[in-house]
2 protein chains.
Amino acid sequence: MRTHQLVLHWIENELSAGRLAVGGRLPAERSLAEQLKVSRTSVREAIRVLEAMGVVRAGVGSGPEAGTVVISDPATALGSALRLHVATRHLPVADIVETRVLLESWAAAKAVPDAPVLDEAAALVEAMAAENLPVNDFLALDVRFHLALADAAGNAVVSAMMGSLRESIQGYAADLTANLPDWEATSCRLRTEHRDILAAIRAGEGGTAARLVASHIEGFYQEAGLAPDR
Amino acid sequence: MRTHQLVLHWIENELSAGRLAVGGRLPAERSLAEQLKVSRTSVREAIRVLEAMGVVRAGVGSGPEAGTVVISDPATALGSALRLHVATRHLPVADIVETRVLLESWAAAKAVPDAPVLDEAAALVEAMAAENLPVNDFLALDVRFHLALADAAGNAVVSAMMGSLRESIQGYAADLTANLPDWEATSCRLRTEHRDILAAIRAGEGGTAARLVASHIEGFYQEAGLAPDR
DNA sequence: CGTCCTCCTGTGGTCTAACCACACTCTAAA
DNA sequence: TTTAGAGTGTGGTTAGACCACAGGAGGACG
C-alpha cells in the first residue's frame, strides 16, 4: 500500500467513526504527518485527492476560513471526473443525454410541488428572458434551471449525479448551438417549454412534467444534430 | 491558480486535443516537471488526482506496465468518492437505494436481450446457488450481477454510475443482512428473483423486467428494515 | 481609554535534492 | 548459447527550506 493511501484510509476511518464530520477541521499537515509517521508530501497527496473528491477544502492563512476543513460537495467532485472522461472520448455525449433524460424525467415526476428550489427555478426562467442575453449566459442559466429541477426531487444522490453532469452538459450544449439555424427561435421555444415544465410540476402533474422534460431535452439535442465525435 | 491545477489543465488539454488518448503514456514525471516549469511535487499531486479519478494508472519499473498511462475507469473513480461522502453521512442510504431502483429498472427495460454480458449475469446466478456460500461472497456476486444488468443497457454513463454505487451498495447490504430473520430463505428468494429478471430480459419483456428489478431491490431493503443511521 | 499599526505565529503552497525499490535491457562471463 | 550481473529509467518517499497569507497579540500613539 502506498503511503498517501494510508493517510486516505486514516481519514476515511475518522469520518466513518464520526470523529471527523462536515465542518470539522483536519489536523495541520505537519501534525498529521508526524502523527501518522509519514512525510508531509504524502499527507498533501492524500489531501489533494480528497479535495478533488469534494470531501475537504484547503485554505491558507488563519481564522475560520483557513486550514483543511471537511465539506461535502459530491457534485463538483464527480463533475470534473466525468468531464475528464468525456475528454478521453470514452463517455459518448449521446449517453450523457440519455442519462439526463432518465434522471431528469424521474426527478420531474417525483418533485414535490411546493419545494423551495422551484422558486429559484422560476427566477432562472425569468432571467433567461432578458434581452440580448449572450448564448453562453443563457446556457449557464439553463443548466442551473435543470439542476434546480433535479434538486426538487429531494434525492441527494440524484442531485449529485445531475450536478456531476453539469459541466459536460454545458460543454456539449455550447458545441451544439453552433449548428442551430435560428438561435432566437430556439431559445424562445426553450423558454416556453421551461415554463410549461414548471407549471406541470407545480400543479402536481408529475407524469406530464416528466414527458415534457424528456421531449425538451431530446428535442434540443436532435434539432442541433448529433455531434460527429466527442 | 495553484501549480498542480496548471498541470491538470495541461493534461486535460492534451486529452481534449487528442494528443493523449487511452492507452497512451504521460511524459515521465521529471520530464513533465521540466517541460511545464514546475516542480516534480506539483506534477505528482496532479497525477494523484487523475489516478483517483480513474484517468491514469501509475506503475513503477520499466516495460509496458510501467510509467503513467491513460486509462478510463470512471466507475471506481466515482465509487470511492461516493463511499467517502456516505461516510460523511451526507448521502443517505435510502437515496442510494432509490437511485439504484431508478437506474436499474431503466437498464432492465432498455437491455438488449442478446447482450453478451447477460451470459456473465447467468453465470453469476449459478455461482450464487453454491452450497455453504458465505454471506459476503453471496453479496459480492449479487452486486456483480446487478452491474452486469446495468451494462446490458449499453449506456456508459449509467454503467459508470451504477459501478460507482457498488461499494456503497455492498456496504449497506452487509449491514442489513444482520437484521434478517432467516438468511437461507431470503437468499433462496433472491436467487429465484434473479432468474425471473434474467428470463424477462432475455424474452424481450423490458417492462416486466423493470418491475421485477424494482420490487427485488425494494423488497430486500424493506425486509431487512431501514438502517437507523448511516 | 480607545484606536491603529506592527510583529509574531501558524496555516497551506511550492520547490530542491536526495535516496529507494522496481523492472526491464544490455553486456560480458561461463 | 545461456546466464549472471551492471546499467538505466520509472515511480515512491523523504527531509528541509522558503514563500504568501490571514489572523491575533501587543505596544505606540492620539
Side-chain angles (χ1 to χ4, degrees), chain A residues 1-11 14-15 20-73 76-77 80, chain B residues 1-11 14-15 20-73 76-77 80:
Chain A
M1 161 151 343
R2 289 183 293 181
T3 314
H4 80 272
Q5 293 178 324
L6 184 149
V7 182
L8 280 174
H9 286 143
W10 183 88
I11 295 176
E14 294 294 299
L15 285 171
L20 269 179
V22 173
R25 312 162 75 98
L26 261 65
E29 294 178 355
R30 293 165 176 84
S31 321
L32 197 48
E34 189 181 10
Q35 180 177 344
L36 299 183
K37 300 281 198 298
V38 300
S39 73
R40 194 183 156 207
T41 309
S42 302
V43 170
R44 282 183 60 77
E45 288 187 358
I47 290 179
R48 278 298 83 71
V49 170
L50 293 177
E51 203 177 20
M53 289 178 173
V55 176
V56 303
R57 168 180 54 73
V60 294
S62 48
E65 291 301 307
T68 306
V69 323
V70 180
I71 60 177
S72 187
D73 185 3
T76 61
S80 31
Chain B
M1 156 142 356
R2 289 182 292 180
T3 313
H4 81 271
Q5 293 178 324
L6 184 149
V7 182
L8 281 173
H9 286 142
W10 183 87
I11 294 176
E14 294 294 289
L15 286 171
L20 268 180
V22 173
R25 311 161 75 100
L26 261 65
E29 296 178 354
R30 292 167 177 84
S31 321
L32 197 48
E34 188 182 9
Q35 180 177 344
L36 299 183
K37 301 280 197 298
V38 301
S39 74
R40 195 183 155 206
T41 310
S42 303
V43 171
R44 282 182 60 77
E45 288 187 359
I47 291 179
R48 280 295 83 72
V49 170
L50 293 177
E51 203 177 19
M53 288 178 174
V55 175
V56 303
R57 167 179 54 74
V60 294
S62 47
E65 291 302 307
T68 305
V69 324
V70 180
I71 60 176
S72 187
D73 186 3
T76 61
S80 30

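Convention: sequence-line order gives letters A, B, ...; per-chain numbering from 1. Because only heavy atoms are used, hydrogens play no part in the values below, and waters and symmetry mates are left out as well, while side chains stay in.
- Side-chain atoms of B/Leu50 and B/Thr68, non-hydrogen and from C-beta on, never get closer than 4.5 Å to each other.
- Within the nucleic acid shown, A/Ala66 has no heavy atom closer than 4.0 Å to any nucleic acid atom.
- Residue contacts for B/Ser42: at a heavy-atom cut-off of 4.0 Å it reaches the sugar-phosphate backbone alone, with no base atom in range.
- Residue A/Thr68 has a polar side-chain atom (N or O) positioned under 4.0 Å from OP1 or OP2 of C/dG12.
- Using a 4.0 Å heavy-atom cutoff across all strands shown, B/Arg57 reaches no nucleic acid atom at all.
- Annotation for A/Glu34: atom CD does not count as buried by contact number, only 12 or fewer foreign heavy atoms lying within 6.0 Å.
- Residues A/Ser62 and A/Glu51 both approach DNA chain C. Their nearest nucleotides, taken by heavy-atom distance, put A/Ser62 toward the 5′ side.
- Going from atom CD of B/Glu29 over to atom P of C/dC20 covers 18 Å, rounded to whole Å.
- Judged by closest nucleotide on DNA chain D, B/Leu26 is the one of A/Val60 and B/Leu26 placed further toward the 5' end.
- Using a 4.0 Å heavy-atom criterion, one finds that A/Thr3 contacts the sugar-phosphate atoms exclusively.
- No N or O donor and acceptor, one from the side chain of B/Arg44 and one from the base of D/dG11, sit under 3.5 Å apart.
- Side-chain atoms of B/Arg40 and base atoms of D/dG12 include a donor and an acceptor less than 3.5 Å apart.
- Salt bridge B/Arg48/B/Glu45: absent, no basic N to carboxylate O contact under 4.0 Å.
- Across all their heavy atoms, B/Arg2 and A/Ala58 have their closest contact at NH1-CB, 4.5 Å.
- No hydrogens or angles were tested; on distance alone, nothing pairs the side chain of B/Arg48 with the base of D/dG11 as donor and acceptor under 3.5 Å.
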